[in-house]
Amino acid sequence: MDSYADKKFSSNFLWGASSSAYQVEGASSEDGKGPSCQDIKKLPDGTSDLTICADEYHHYKEDVALMAQMGLKAYRFSIAWTRILPQGFGDINLKGIAYYNNLINECLSYGIQPIVTILHFDMPAELNKKGGWSNPESISWYENYSKVLFEYYGDRVKYWLTINEQNIDTLGGGDLGTKNIPAGLSSHLQHIYQQNHNMFLAQAKVMRICHKMLPDAKIGPAPNIYIVYPASSAPEDFIAAQNFNSIRNWLYFDVAVYGKYNEIAAAYLKSHNAYPNMNKDDRAVLCAAKPDFLAFNYYYSTTVSASDGTETVDPNGNLHTLDGKTMGDPGYYRNVLNPNLKRTQWGWEVDPVGFRASFRELASRYHLPMLVTENGLGAYDKLENGRVHDSYRIDFLRDHITQMKLALDEGCDIIGYCPWSNVDLVSTHEGMKKRYGLIYVDRKEEGQGSLKRYPKDSFYWYQKVISSNGKNID
Ligand code: BG6
């Protein structure tokens, strides 16, 4: 049952790689691009700003050629809303339209399928001034923007992702610079879940619009999913794991697929006075939309025990011990470290088996095809004589692909795998030094560097994985 060799990926499996506009493109105010919430957020001390990043805006041809050399079948990237609509709405910026036309055409010229994320953490700054997702108009802003993308790119883009990691935006948006929370608010959590609800409505409407405008395209949500384990066989720990799984994972897919709030998550929101206000036709809006697939990002798993009531909720969504305090949610769960797992240089627990468990759980709950839109290892890489010997990244990816294959063989319908990231790019909190790329980019935290690209050992390894359609992973 557990042997690797005799399992097969389908011949059209989407072996890909992944990025996001604000982390990879640079050119943050070029050719008419407006500022996004990322461009104006306060950066963690000592981390790179977002003006240059990997400068894919000017290196896209080279990057796509390298991806083609790797053999990629898909490139999952996001479109910067403010390149298309600098203010978030109003006049279309034709130079922005041209950039993604070029990128899409370049991908297609090599047979690389573009997988486009409509929004990846970079809400236009102008819209944030108007309240961002708190403003009920945000639903029509997002609809309008999505329609522009469908009109301009729908003839060539067949895979669309609605909102990257809506759950992380909700659980940890303050830290990401994406959340717009008025100062002195009495019900912080209710406000956040009202924003979350608006995102659900916007997503549902856009999935319907996509199906109407582009009958042969597919669209799906893309939250960050990891399985939550109970710390022990104590029944109370299992309940705690169910609590956190519901709030963090199932809420998002239950709404996207079934149009309804997960019961346990809804009870949690009500007990925290955080249940969103809903209009009478919201339920119908949510139910009218159906995703074609479930995309998800997976990096690690989490383990919880029963709460003892003393945990600290971090408003920024951090889950592990912070300043000596134990994180969690009093009365619901307490985050604990899993003694069975190793951790990365950045403290993230490495859990390939949890990847398999996540597929199995999603398959049983939702019965839809699954697309992995992110998975990868952030590390301090070292460029030595033009090479990066990242055997640690190869090990990480190999172990995850092995587990993905087991899930596939067990009946999970998996259509693609896009590790994060194609080239080194700016991490959400750790700048350039936390590298994920299969391709090294010569760029330092402080802004120096030639931006020259160097394929890492993982590039050549992934090339073999793809050319053997997942058979050769050694
Ligand atoms: C995902 C995001 O959460 O994780 C990416 O979609 C992000 O934008 C990636 O870069 C890795 O996280 P980090 O914090 O290490 O950059």
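Start at 1 and go down the list; that is how both ligands and their atoms are numbered.
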Inset, instruction - Not counting sequence neighbours, which residues clear ring-ring contact (aromatic ring centres under 6.0 Å, His included) with Tyr460? List them please. - result: none

Legend entry - By salt bridge (Lys or Arg N to Asp or Glu O under 4.0 Å) - contacts of Asp63 (at least two apart): Arg453

Legend entry - Under 3.5 Å: donor-acceptor pair, side chain of Asn93, backbone of Asp31: yes

Inset, instruction - Show the protein residues that qualify under the rule heavy atom under 4.0 Å from an atom of ligand 1, listing them in chain and number order. - result: Gln23, His120, Phe121, Asn164, Glu165, Asn297, Tyr299, Trp348, Glu374, Trp420, Ser427, Thr428, His429, Lys434, Tyr436

Inset, instruction - Without swapping roles, check the side chain of Tyr299 against the backbone of Asn224 for a donor-acceptor pair under 3.5 Å. - result: no

Legend entry - Qualifying residues under side chain to side chain contact (heavy atoms under 4.5 Å, CB included), relative to Ser18, sequence neighbours excluded: Arg76, Glu374, Cys418, Trp420

Inset, instruction - State whether a side-chain donor-acceptor pair under 3.5 Å links Tyr22 with Ser78. - result: no

